Amino acid sequence: MRQFNPCKGKDACRDDGERCLTCGRKLTEVARTVFLMNELSDFVIEQDYDNVDEFAAYIARKLVKKVKHRRET
């Protein structure tokens, strides 16, 4: 397994056409992460949640549990 290295922000991004030279992630990985974040953001807006922090914390907890479970099976 490898470590996740988060983006440093749009202004910090530089790439070689295949990967970001700042965070080291492949551009396809960055694009998919952006897509997933947009999907979650759209969902929150559609649901008109005013407690976004609570929703985000819920997603973070559930994601960790789901990944651990899938790796064990």
Side-chain angles (χ1 to χ4, degrees):
M1 279 188 255
R2 62 187 180 95
Q3 292 289 314
F4 170 75
N5 193 10
C7 290
K8 309 299 183 219
K10 281 185 182 180
D11 295 336
C13 281
R14 297 178 303 113
D15 70 78
D16 64 3
E18 186 174 321
R19 62 179 58 250
C20 175
L21 300 173
T22 304
C23 70
R25 295 188 297 146
K26 290 183 181 179
L27 296 181
T28 54
E29 177 185 351
V30 172
R32 187 159 181 206
T33 303
V34 169
F35 172 80
L36 293 169
M37 292 299 294
N38 285 334
E39 288 291 310
L40 279 172
S41 299
D42 290 346
F43 179 75
V44 168
I45 292 167
E46 288 168 13
Q47 300 306 312
D48 200 28
Y49 293 153
D50 62 358
N51 57 341
V52 177
D53 291 342
E54 191 170 337
F55 176 80
Y58 169 79
I59 293 297
R61 284 191 313 272
K62 295 300 280 187
L63 177 61
V64 170
K65 286 182 181 180
K66 186 169 286 286
V67 170
K68 284 181 181 178
H69 175 74
R70 287 186 177 184
R71 284 182 173 165
E72 291 171 357
T73 56

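Only a predicted model underlies this, so the values are computations on that prediction, with no experimental measurement involved.
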Side-chain donor or acceptor of Arg19 paired with backbone N/O of Leu27 under 3.5 Å: no
Exam field: side chain Arg14 to backbone Cys20, donor-acceptor pair closer than 3.5 Å: no
With rounding to the nearest 0.5 Å, note down the distance linking [atom1] in [X] to [atom2] in [Y].
X	Y	atom1	atom2	answer
Thr28	Glu18	OG1	CD	8.0 Å
Glu46	Glu39	CD	CD	8.5 Å
Asn38	Ile45	CG	CD1	9.5 Å
Glu29	Cys23	CD	SG	7.5 Å
Lys62	Ile59	NZ	CD1	9.5 Å

Within 6.0 angstrom of Phe35 CZ, more than 12 heavy atoms from elsewhere: no
Lys8, NZ atom: more than 12 neighbouring heavy atoms under 6.0 Å: yes
Electrostatic pair Glu54:Arg61 at N-O distance under 4.0 angstrom: no
Cluster link Val34 to Leu40, ILVMFWY, side chain under 4.5 Å: no
Aromatic plane relationship, Tyr49 with Phe43 - under 30° parallel, 30 to 60° tilted, over 60° perpendicular: perpendicular
Evaluation steps, side-chain contact (heavy atoms from CB on, under 4.5 Å), between Lys66 and Arg71: CA-CA 9 Å; Lys66 186 169 286 286; Arg71 284 182 173 165; over 6 Å; no
Note, Lys65 side chain near Arg70 side chain (heavy atom, < 4.5 Å): no
